[in-house]
Engineer: 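Take this structure first; my questions come after.
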Amino acid sequence: VTANPFLINEDHFALVIMRDISKLKQIERKIIESEIKFRSIFENSLDGIFVTTIDGIYLYGNLSGVKMFGYENEELLKGKTVLTHIAEREREKLLEFITMRYKDEIQKHDIDLIGLRKDGSEFPINFSTSLYTIKDEFYGLAIIKDITYQKENERKIIESEIKFRSIFENAYDGIGVMDVKGNFLYGNSSIIDLIGFENNIEFTKAHLFEFVIDNRKDFSREFIKSLSEGKSVPDLMEATIKNKKGKEIDIEARINIFK
């Protein structure tokens, strides 16, 4: 509302102008809500969130990001560049990634790197960045995740797989993997030798029925049917099979179902 006083024949009047600003207030409210929401995400995120200049100089950082690199508050980060906290051997890799991201030359939004803390210790991080403008000024938004636990879990999985594969391959007993239709997918050397194949490639082209003796065909069909329908099957059984040369062999088979 604006009011402009004026005189007419020495009488005082006021010109009142009113404007409907409902939409403007709605926009202002949405801006404030958006800012509050962003600040809440920014401050409470477990990941490090940093605002930088186009040259990679830190302007702001949330508490998680500041502590991630061994600082107490964001003031100690100001003036430093993103490269300060990347292991020296990885800096060229990061520069190339950022340049290509800002030029939209790659679709990938993130990259795994080695981070560098204030005390010189290293740790694995995932780094993502995007470019945005405010009043014709360019800024960078970097999100950095500490992936120490993720990498440790990956290492444990690899070690477990290596250990399992070693046990699998060197087991005296024959071990084979079969789908619910009776097709063999993989076997260790013991089961390949037992059935008479030359290698795993031949074995994976085989089907359970090829080794079943004639008087057990019906049982084998019911066994495969139960597997495919998700029904329970005996976990231990004795059977007679025939190898590739037709020789009959008595075996004890233990069945373990997994997904």
Side-chain angles (χ1 to χ4, degrees), residues 87 89-90 93-94 96-97 100 106-115 122-128 145-259:
R89 64 185 180 279
E90 299 263 89
K93 178 180 175 182
L94 175 59
E96 182 180 357
F97 171 75
M100 294 180 72
I106 54 173
Q107 296 297 317
K108 188 178 180 182
H109 293 274
D110 63 321
I111 186 172
D112 287 350
L113 298 163
I114 302 299
E122 297 182 348
F123 65 109
I125 61 172
N126 177 267
F127 180 97
S128 61
K145 300 179 181 180
D146 182 343
I147 56 173
T148 301
Y149 293 117
Q150 177 185 324
K151 290 296 183 181
E152 181 64 18
N153 288 334
E154 288 176 0
R155 183 185 63 79
K156 288 180 179 179
I157 290 171
I158 292 171
E159 288 179 352
S160 177
E161 184 178 341
I162 292 171
K163 184 177 179 180
F164 170 78
R165 186 171 293 277
S166 176
I167 295 171
F168 183 87
E169 294 294 348
N170 297 298
Y172 177 77
D173 295 328
I175 304 174
V177 179
M178 178 183 74
D179 65 19
V180 295
K181 295 181 180 180
N183 300 302
F184 286 105
L185 305 176
Y186 194 81
N188 68 350
S189 57
S190 294
I191 197 170
I192 290 171
D193 291 341
L194 177 69
I195 299 176
F197 285 102
E198 293 294 328
N199 52 55
N200 219 334
I201 295 175
E202 285 187 8
F203 181 72
T204 55
K205 295 178 181 178
H207 190 278
L208 177 65
F209 287 156
E210 295 178 34
F211 315 116
V212 177
I213 59 177
D214 293 338
N215 62 0
R216 299 289 286 174
K217 296 281 188 186
D218 291 339
F219 173 81
S220 297
R221 289 190 184 92
E222 287 299 317
F223 176 79
I224 294 298
K225 183 180 178 183
S226 296
L227 276 180
S228 62
E229 293 175 354
K231 296 179 180 178
S232 62
V233 296
D235 58 0
L236 182 66
M237 65 178 74
E238 292 184 357
T240 301
I241 65 170
K242 59 183 180 180
N243 65 13
K244 190 177 179 183
K245 295 180 179 179
K247 180 183 177 181
E248 294 188 358
I249 305 169
D250 294 322
I251 64 165
E252 179 184 79
R254 184 173 295 276
I255 313 299
N256 292 297
I257 300 173
F258 62 92
K259 294 182 179 179

Engineer: If the threshold is 4.0 Å, N to carboxylate O, is there a salt bridge linking Asp112 and Lys151?
Structural biologist: yes
Engineer: Restricting to non-hydrogen atoms, name the atom on Glu90 and the atom on Leu113 that form the minimum distance, rounded to 0.1 Å.
Structural biologist: OE2-CA, 3.2 Å
Engineer: Considering non-hydrogen atoms only, spot the tightest contact between Asn188 and Phe168 and give its length.
Structural biologist: ND2-O, 3.0 Å
Engineer: For the residue pair Ser232 and Ser226, what are the closest heavy atoms and their distance?
Structural biologist: O-CB, 4.4 Å
Engineer: Does Glu154 CD have over 12 foreign heavy atoms under 6.0 Å away?
Structural biologist: yes
Engineer: Between Glu222 and Lys225, does any NZ, NE, NH1 or NH2 come within less than 4.0 Å of an OD or OE carboxylate oxygen?
Structural biologist: no
Engineer: Nearest heavy-atom pair of Ser190 and Ala171: which atoms, and what distance?
Structural biologist: OG-O, 2.7 Å
Engineer: Just how far is it from atom CG of Asp173 to atom CG of Leu194, taken to the nearest 0.5 Å?
Structural biologist: 10.0 Å
Engineer: Assess whether side-chain contact (heavy atoms from CB on, under 4.5 Å) is satisfied between Glu252 and Leu236, documenting all intermediate values.
Structural biologist: CA-CA 7 Å; Glu252 179 184 79; Leu236 182 66; 3.7 Å; yes
Engineer: Salt bridge or not for Lys163 and Glu159, using N-O below 4.0 Å?
Structural biologist: no
Engineer: Minimum heavy-atom separation for Gly196 and Lys244, please, with both atom names.
Structural biologist: O-CD, 3.6 Å
Engineer: Between CD1 of Ile192 and OG1 of Thr204, what distance do you get to the nearest 0.5 Å?
Structural biologist: 8.5 Å
Engineer: Can you see which heavy atom on His207 is nearest to which on Phe184, and at what distance?
Structural biologist: C-CE1, 4.0 Å
Engineer: Please assess Met178 against Leu227 for the test side-chain contact (heavy atoms from CB on, under 4.5 Å), listing each intermediate value before the final yes or no.
Structural biologist: CA-CA 11 Å; Met178 178 183 74; Leu227 276 180; 3.9 Å; yes
Engineer: Step by step, work out the side-chain contact (heavy atoms from CB on, under 4.5 Å) result for Glu202 and Asn199.
Structural biologist: CA-CA 6 Å; Glu202 285 187 8; Asn199 52 55; 3.7 Å; yes
